[in-house]
Amino acid sequence: MKKLVTAFTTVAIVSSASYAAAQNQLETTLDLVVRGMMDDGTEISYDERIIGSDGAVEYTDLVIAAPEGEFTMSMDWLKGVPSGFDVTFTVSDTIDVTGQEEGVEFSFEIQSSELELTTNGLLREAMSTEDVTVTFSADEFVINGGDPDSAVLRKLFVDLGAVDFDLLFSSEDMFAKGSFNAEKMDVAYDYTIDGDSQIIDQTTAATSVVFEFDVPEDEEDILGYLDGSKSGMFKMTSGASAFTGTTQAEGMSFDMEGTSGDSAFLFEVIDGNITYDALADGFEIVMTPSPDLPIPPVEMAMSEMAMKLVVPVGSSETPAEMVIDILFADLVIGEGLWSMIDPGKTISRDPAQLDIDIEALVQLDAMAAMAGEDPTSAATIHSLDVNQVLLSLAGASIQMDGAATFDNSGPIPMPLGAVNIDMRGVTTLANQLVALGLLDQMQAGMAIGMMMAFGQPGDEADQFISEITFSENGILANGQPIQ
């Protein structure tokens, strides 16, 4: 499969500088490409090579076969047209691919419409340019294959609709950037590997990817992302999705179906600051086991998921902001799963929620930590703001907020501030879990006893409120020292 990917890349962009000849002609360059591939053991044949008056080169009935029958690609024609430093390749609407991977035969078609690939990185006269560009587009791009009678791959289908891709690489600045856009991303497959089978049919609306990054020159240079000398960004957005499928593994079988909303993902490293930011407009999923399994259908849904982490890992003379922001909103579990642990419906089925919003001023030095230096010099926290920590589950909730600064003059950072804790319904839930045999009576009693010892009754039934204060004189709970 690795050689298959390599061949696709070679046929697509034909960008290996080692094949470039002294002449600037596309004909000579492609001759050297073909000769180089054949020297590596690849078989290449074609019915006719047509040279146009504009320097264009067209191969008809082109067949490319990797050594030992690993794969064979065939197409009616492939044409390259030079224009200045650029060469634009077009290809017949269908490319047939057959081969084998680890003794398993496969076959599929690549079906496209108005496919074009343009690069300035092929002709020798363009090799001196500092920026190499590649653009790819098609009005339609489909991969369709598989054999219904195969014991391994019975179906493989990918439909991207209209697609476009662009890439720029600067050899002088060691920098790359690009983008990819697909009108849709419909995927279907049916396979069996080592006795485990899966059938999936999924549709996804428009998908977009944007990226740019400094290119490390070697493995050691990768550490530049941590010390702030290098930067990178990867961003992906995707539309709503729906899927159905069946999985068979280890003697068990499940049917699955679900939907999910729009989603976005960002990962970037800039000036030694790492940002991870993911957002999804929720999901619904149903898993139905086969009738012979004593498990009810599992249904789950969530209205929104979000996670943002900002971590400054580069060495700095001044504190930088660290962010932890997590939201799982309105998680609902279907009655099928609930009935296994609480058939009498004694526990509340209210949607669960987790909401964490924390900010801190810190000084982190990832390079110092990797070098094994003193942890206090590699990580220092100056302040902490707990804007909210909320966990709501099965009718009970715990909510926290507060703030603190830190005295770093000693061997251990000492917090100075306060945290407010509001607990509701915890005693009720603990007693319900004990009654169902899911929680030991002694453990529940100890937890409730500690809550009462450090908390005060609130205005509502089964509510306890506590203020934990961190001072120079020690830690206080509601004004009372914690022994």
Side-chain angles (χ1 to χ4, degrees), residues 2 4-17 19-20 33 80-91 95 110 112-123 126-143 158-187 204-219 221-222 224-225 229-239 262-271 273-279:
K2 184 182 298 183
L4 175 60
V5 174
T6 302
F8 268 120
T9 306
T10 304
V11 173
I13 65 175
V14 204
S15 60
S16 176
Y19 292 140
V33 169
V81 180
S83 176
F85 287 172
D86 293 339
V87 178
T88 297
F89 290 92
T90 54
V91 68
I95 300 174
I110 300 176
S112 63
S113 173
E114 302 298 326
L115 186 151
E116 287 190 359
L117 187 147
T118 301
T119 178
N120 70 346
L122 177 62
L123 298 179
M127 289 299 179
S128 61
T129 60
E130 297 173 353
D131 296 342
V132 175
T133 61
V134 178
T135 62
F136 170 89
S137 65
D139 292 345
E140 180 185 37
F141 192 87
V142 176
I143 298 174
V158 179
D159 185 357
L160 303 181
V163 297
D164 64 79
F165 169 80
D166 67 85
L167 172 68
L168 179 147
F169 171 71
S170 173
S171 57
E172 180 182 25
D173 299 329
M174 292 299 290
F175 175 79
K177 70 175 182 178
S179 66
F180 170 79
N181 298 285
E183 179 184 12
K184 57 184 175 180
M185 193 169 290
D186 296 345
V187 178
T204 304
T207 297
S208 176
V209 173
V210 179
F211 61 89
E212 59 180 63
F213 57 93
D214 296 318
V215 180
E217 296 184 3
D218 50 41
E219 292 185 5
D221 204 26
I222 295 176
Y225 290 110
S229 62
K230 294 192 178 299
S231 63
M233 180 274 292
F234 178 90
K235 182 179 181 180
M236 179 175 180
T237 60
S238 182
D262 296 346
S263 62
F265 171 80
L266 170 68
F267 181 81
E268 66 178 8
V269 184
I270 298 178
D271 296 331
N273 290 292
I274 298 177
T275 299
Y276 173 96
D277 194 353
L279 173 67

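All of these numbers come straight from a predicted model, not from anything done at the bench.
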All heavy atoms of Thr133 vs all of Asn120, minimum pair found to be N-OD1, 2.7 Å
Output for pair (Ile274 CD1, Tyr225 OH), nearest 0.5 Å, gives 11.5 Å
Atom CE of Met236 and atom CG of Leu266: how far apart are they, to the nearest 0.5 Å?
-> 13.0 Å
Sorted by chain and number, sequence neighbours left out, side-chain hydrogen bond (donor to acceptor under 3.5 Å, both in side chains) with Thr88 holds for Thr118
Residues which pass side chain to side chain contact (heavy atoms under 4.5 Å, CB included) with Glu183, listed by chain and number, not counting sequence neighbours = Ala162
Taking atom OG1 of Thr135 and atom CG of Leu168, what is their separation to the nearest 0.5 Å?
-> 11.5 Å
Glu219: partners by side chain to side chain contact (heavy atoms under 4.5 Å, CB included), with sequence neighbours left out | none
Partner set under side chain to side chain contact (heavy atoms under 4.5 Å, CB included) for Ala176, not counting sequence neighbours | Phe169, Phe213, Val215
Please check if the side chain of Ser179 supplies one atom and the backbone of Val209 the other of a donor-acceptor pair under 3.5 Å.
-> no
Closest heavy-atom contact between Gly239 and Ala205?
-> CA-CB, 3.7 Å
Could you list the residues that satisfy side-chain hydrogen bond (donor to acceptor under 3.5 Å, both in side chains) with Ser231, not counting sequence neighbours?
-> Asp214
Please name all residues satisfying side-chain hydrogen bond (donor to acceptor under 3.5 Å, both in side chains) with Ser113, sequence neighbours left out, ordered by chain then number.
-> none
Aromatic rings Phe136 and Phe141: how do their planes relate, parallel, tilted or perpendicular, breaks at 30° and 60°?
-> perpendicular
What heavy-atom pair brings Asp221 and Asp218 nearest, and what distance separates the two atoms?
-> N-OD1, 2.8 Å
Could you pull out all residues at least two apart from Asp271 that satisfy salt bridge (Lys or Arg N to Asp or Glu O under 4.0 Å)?
-> none
Contacts of Phe234 meeting ring pair (Phe, Tyr, Trp, His ring centres under 6.0 Å) (sequence neighbours excluded), chain-then-number -> none
Could you grab the distance from atom CG of Leu279 to atom OG of Ser263, nearest 0.5 Å is fine?
-> 8.0 Å
CG on Asn181 to CZ on Phe165, rounded to 0.5 Å = 11.0 Å
All pairs passing salt bridge (charged side-chain N to carboxylate O under 4.0 Å, His left out) where residues 158-175 contributes a residue, at least two apart = Asp159-Lys184
Excluding sequence neighbours, so at least two apart, what forms side chain to side chain contact (heavy atoms under 4.5 Å, CB included) with Glu212?
-> Phe175, Lys177, Met233
Return the minimal non-hydrogen interatomic distance between Gly121 and Val132, and the atom names on each side.
-> CA-CG1, 3.9 Å
Under the ring pair (Phe, Tyr, Trp, His ring centres under 6.0 Å) rule, collect the residues that match up with Phe265, sequence neighbours excluded.
-> Tyr276
Rounded to the nearest 0.5 Å, how far apart are CD of Glu114 and OG of Ser137?
-> 9.0 Å
With sequence neighbours left out, what residues match Thr90 under side-chain hydrogen bond (donor to acceptor under 3.5 Å, both in side chains)?
-> none
